[in-house]
Every structure is written in C-alpha cells, then in structure tokens.
Amino acid sequence: MTPGIAAAAGEDAASPFSGTDLCAEAGWRLRAGGRRPVFDDDVWCFGDVDGLAVQLSEGDVRMDFTAICDPRWRLVAKEYLLARMLPGHELVAGLPHAYRISLALRSCKRRLAELTGWLNWLTASGASSLSQVSQQHCDRYLHHRRARRDRDGTELGSVDESVARLAAAVVIELALYGELFTANAYAPGFRPWDGRSSARVAGMRAPEGNKTPVVLQPMLAASLYLAGTIGPRVAALGEHVRRHRTPAGGHRAGAADIAEVIGRHRRHGEPLEAAPPHLVRARIARGWDPDDPLGVSLAALARQAGAGRITPGHLPALRPPITQAISEVGTEKPWGRDAGAVPRADSGESVPWTLPVHERDVRDLTGFAGTACLLVVATLTGMRESELMELRSGCRRPPAAGDPFARHRLAGTLIKGQPLGGTEEEWVVIEQVDQTVALAEQLSGRAEPDAPVFGRFSFPVRYPWFRAWVNGPGGHRLGLAPIPGDTVTLRMLRRTLARELAYRPGGLLAAKIHLKHVSAATTEGYASRPGGAQAKLLAEIGEHEAERNLQLVLTEFRNYQDGVMPAGPGARELTEFFSSVDGDLADHAGTAPNVLASDQQVLNLLGKRAGGLHLGLANYCWFTDPSRALCLKLAGTPGAGKPLIGMCDSACCPQATHHPRHRAAWAKTAEDHAVFLGQIGRTRKAEHARLNAELERAHRVLDAIDAAAGHNHEETR
C-alpha cells in the first residue's frame, strides 16, 4: 500500500509499516537473546542493540509513545519517527521533501519528546484533528514553548533559542511527511510559517565568537597541575583505600577487643579515626547524648579489632576509655595523614599534596583528577564528547621503541555522522595526552579489559564542580589560579584549539604547552586518515587562520595609513603594495565622494596578500614568490608550497618584514646575547665573534623598527 492510498483509506486504515522489524530494517545487530522492537509496539526499546555508543543512556534508546494522549496521533508519531530513522525505506525515499540523512537515536528521542508536547498541547487546545491546525496554532504553541516553567507551571523565564528551534522543527517536519501518515495529517498545502526554516522561526542569531580563551589559561593550568602532579598520588591513595576497606567480617567486637585497640592508639600517640561529618549529623539526629564521643568512628575501631561492628550494649563501658583517648591523642581523618610534599603551582613552595581526608573526600579528589584528565585530553586534542566517551582501557598506542619520529596514538571510535556503533578512528596526540589517558585509566578503578576510560559523563555538571574545587580552599592551598565563572563547553574547547593553532606563534596554549609539538602531532593526525575526525578540526583551523591573516594585514594597512611603516628587507615591497591599495580606495572615493571605504572593501583588496602571510616568532613572512624565499634556498627545496618558518633569517630574506609588535622579541634576543657575551671567557674568540655578530644584527633590526615607526610618527604630528 502506497502512502497516498493509505492516507485516503481513512483514519482506521492499517499503517503500511505495521509489523516492521525496526532493527532488521536499519541493519542493526542485537545481542544474544535481545528483544527486537517492532513498529506496532507502543514502546520502542533499542537497549539490546549491539554496539551502542557509550554516551547513550537507557533513556536515550527508549521511545515511549504512550505519553501521547490521542491514540491516532501515536501512529502519526511512529510513522514520523520511523521516517527520520530510516530515510532509505522504500515508502520514505519517494517523498519529495523527506530528509535523506538518518537521525541518530538520541536525536530521535528528543524529537519524540518535542512531538509529544506539540500533540498534547493541540489536544488541550481542543483540536481533534491535525487538519484543523492553523498558523495561529503554531504561533501560540511556539510562544508557549519559549517560556521556561517549573513543575507547577509557574513561568521562570525563557528557554534557549536551540530549544525553541527544535520545537519549531517538529511542527514544520510534520508537514514534510504528511503524505506518509495513515491516520491524520495537516491540511493539504499547509506549511507552518510559510516554509521558513526552524532556525529563522526561532530567531537564532549567529554566534558571537568563541569566548573560551578568557578562561583557558587558568583552566588548562589547573588541569595540567592536577593531572601531572596530584593525579598519580590520588590514584595511588584511591587504590590504597579500596585495598584496605575490605569488610573484616560480620561478627561483633567485644569490649576487651576495643579496649585493646584504644590502648594501642594511646601507647603510640596515634589519633583515633574521626567520624565523617555526615555520620556525626546522623548521630545527633538519632538523639545521641552530646557527651558521647560523637567525633570518633566506631566502625574504624571495630575494623582494627578484626570485627564488623561494635555491640551497642558495650558502648556505655567503652565511653570512658574513648573519651580519655580523645583527650590524649585526639582525632584525625584517616587518609593522607603522611602525604608527600609537592611544589605549589604558583610559587614552587613545598606543601603536602593533600591534608588528611575521609574516604568520601578521596572519592571526590578522584573525581576532580578525572575531570582534569578529561579537560587536558579535550583541550589538547579537540575530541568531541562522544569520542571521549568511546576511549577504552588499552586505547593507547605507544610509539615504537627507538623511533624518534614515532607519535603517540589513541584508538577510539568516531560517532558523529557515522552509522550506529560508529567507525574506528585513531588520534595522533602529544606525550602529555598519552600520559593523561594512562592516569585516567588508573583513576577509573575499572579492572575489566576494554572498560571506558571516562565513561558516560555530563560535562555541564562536572566542569562547575571542578571549577568550584579549584577556586575553593583545596585549589588555593596548592596555589592554583582561580578560574572565571564563564560558561565552557567541549565544543568551545575544540574551537579554542583550532584558534590557538591557527594563531600561532604565541597564544594561550603556548604558555603551558610547547605549541610546536601540539601542532606537529595534530598535523600528523590530519594526514593519518583523510576525512577523519582530525581532518575536520584541520578545516576549522584553516578557517581561523584565514581570518587571522586578514585581520593582521588590515591592522598593518591601518598602521601604514597612520604613518607607522614596516621595517626589514621586504618593507619596501609591502609599502608599495599598501600604497597601491590606498590608491584604489582613493579612486573609489573619487567615483563616490560621499562614500567611505568599509573594512570589507579594504579586506577584499588585501585578501590575496593575506593568503601568503605566515607568522614567524619575530617577523612576518610574505610568501609571494617561493623562488625568493631564503629558507627554501638553504633547504634546497625552492619549489615548496610553504616557507620553512623555523629556518627563517628575517634580517636577510627579501620577503620578511618587522613591525612594532616584533620589537619585544628582538629586544629579548639582544638582551640574551649581551648576557652571554659577558659570561664567556676572552679565550673563546670564535664564540665571541659569533655572538657579537648576532647582537649587532639584533640592534640593527631594533633600530630599523624604531626608525620606521618613530620617524613617521614625527612626520604625522
């Protein structure tokens, strides 16, 4: 039965999808003994599908249609969801407006939740058929959906634009699949919001740029410190706690046994184990006498006596010796009493890596260290949330022994845009990331092979929790800089990595990581699998690099207009180019005297030169003619497509320029050479001559930069 015939057959007609085995149709394998969801089921559960992504929870793979009040509209919802999940089905593929890309299970679940809200809202509004839906219904529902409410229905504010966009998308897409629906559909020809996209309907604005660099430095510094300095100690302490927290047995300790334990504490001057705060609060709530030793862990005393617990009837007799012991040796938290010293992150002063803590605190520290590992890996690789969740024990691929050019690799799974179960993928990473993943495996405490390293996590929960600890007493004691309260997402971290690689040299990542190593390792990852996850990150880097070059060229052109000239061997050529651009703008102004040139017009004229700009540590390289590039001549590769910026001798290359922003680098070079000259002996004449020549060259460059900027400043006064 075709969709058109089914729709014409009336609301009681059976769906053409009735009896469809959804997993078989999608080509998904089931685990042995797993249950297959069928189209006619009121609940589709895909929990038994083999190879589900780690990020998918039980709720993500369970589609419950019973929440839709009108039974006819449950059928509509099933047909709509099947069409989004299986766009290649013969009845769906023929629809002219159907989407051709399969929707992931989590996205289907979100669509169903929004669709349930829309259909139930129609029911509450008195609509008995989808054919009655008008544009007024759509506008009213979207207005209703934009409001954020509590459980009692009280309006608290507005939802995010993305939520409104999804609500609008569901309303719109029911029109695209109307021919498919058996029981009910919109009126023929009705298109909500006249066919506008859901993004336009929701009023979504273009992003205002990536603000993560504001918090990147302190966040990354804290994460590296925890992962490198504190993390291994946390992992060792956690393992020690797990090993020594094995129950001692079910029998109860007698009064004599406990008295012997208390006596040992008094003889050795060892504090009794303090009871956790939550246990003290529970004792008070149960009505314990304030004179009782509330702050002592009775379970610890029983465990040290080789028993499971203390007989309650023995407490009156034990109260005096416990009270006496408290007055002599006191109480202390059990773990980390003899913590080793580590250098503070700010001053390098030695401090214990932890103060004494309870077992619950050890679990918290393990969580903080695990989040630090997550942040390091995410920030330095650009991996997505789903890819981080797919990393499993044994994913590290160490470099071959004796190969100085070998790279560390992580074996994982690419999830986004891939079939269910994902596609095997490898990430080329730097050594810090490899070590961090090894630490995360220890912190996870999972002994089974192939266990997830990070598991399923909620970054919006873990990151504020981590930031609160860094900004609190624990982070302050270790000298960690406070992390600002800005919102941070893993997507923002990925974009930040792209920006910092594109804007090198310099940048915030370079403050803590040798950026050239990050760049080299990541670039090898791009070449490892064309079209893979890292190649997509490379595309983002390329976009940021092009934007960076345009802005730098525009800045130097504005400097030229203000009389601040470039210096260096390529200064004359660059100045002539800027002069020609200035002339083109003047001609434009002559044809339209009342119109000023916009930045976009200037960028259009500067675009070609910006494409050849490469950043050196102390110069700009205008790579317009490979045959003139000094670095390529020295390397014997005159036909290369890019300069060898690490071999750049900008004082001699005809395509290099120096600008006021480079003065600090040259001044530091001159200062260092002067120090070296003062330290070497007079007998080392060859070294003396070499350093003198380098110092003179640095001073010549500095004088040229000052002359180009200062002289022209005087002319413009």
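Cys373 SG to Gln442 CD: the interatomic distance, rounded to the nearest 0.5 Å, is 9.5 Å. If you take CG on Leu410 and OG1 on Thr381, they are separated by 7.5 Å, rounding to the nearest 0.5 Å. Between atom CZ of residue Arg148 and atom CG of residue Asp160 there is a gap of 10.5 Å, rounded to the nearest 0.5 Å. Distance CG/Asp361 to NZ/Lys333: 5.5 Å, rounded to 0.5 Å.
Other residues, nucleotides and ligands contribute more than 12 heavy atoms inside 6.0 Å of the CZ atom of Arg149. In this structure, Glu431 places its CD atom where only 12 or fewer heavy-atom neighbours from other residues, nucleotides or ligands lie under 6.0 Å away. Around the CZ atom of Arg233, the shell of radius 6.0 Å holds more than 12 heavy atoms that belong to other residues, nucleotides or ligands.
In this structure a side-chain-to-backbone donor-acceptor pair under 3.5 Å is missing from Arg494 to Leu490. Judged purely by atom type and a 3.5 angstrom limit, Arg396 has no side-chain atom pairing as donor or acceptor with the backbone of Ser393. Remark: the backbone N or O of Glu426 is not paired with any side-chain donor or acceptor of Arg409 at under 3.5 angstrom.
Looking at every heavy atom in both residues, Cys395 comes nearest to Glu441 through N-OE2, 4.2 Å. Between Val453 and Val437, the shortest heavy-atom distance links the atoms CG1-O, 4.2 Å. Here the closest heavy-atom approach between residue Gly47 and residue Leu52 is recorded as O-CD1, 4.0 Å.
Using cut-offs of 30° and 60° on the angle between ring planes, the pair Trp465 and Phe368 is tilted. Ring geometry for Phe454 versus Phe457: interplanar angle over 60°, hence perpendicular rather than tilted (30 to 60°).
When only modelled atom types and interatomic distance are considered, Gln418 and Thr423 share a side-chain donor-acceptor pair under 3.5 Å.
Side-chain atoms of Val163 and Arg145, non-hydrogen and from C-beta on, do get closer than 4.5 Å to each other.
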* Report the C-alpha distance between Arg31 and Asp50 in whole Å, list the side-chain angles of each, state the deciding distance to 0.1 Å, and finish with yes or no for salt bridge (Lys or Arg N to Asp or Glu O under 4.0 Å). => CA-CA 5 Å; Arg31 293 192 290 266; Asp50 189 29; 5.2 Å; no
* Check the pair His408 / Gln435 against side-chain hydrogen bond (donor to acceptor under 3.5 Å, both in side chains), numbers first and verdict last. => CA-CA 10 Å; His408 297 274; Gln435 294 172 346; over 6 Å; no
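Looking at Arg267 and Glu260, a side-chain N of the basic residue comes within less than 4.0 Å of a carboxylate O on the acidic one, giving a salt bridge.
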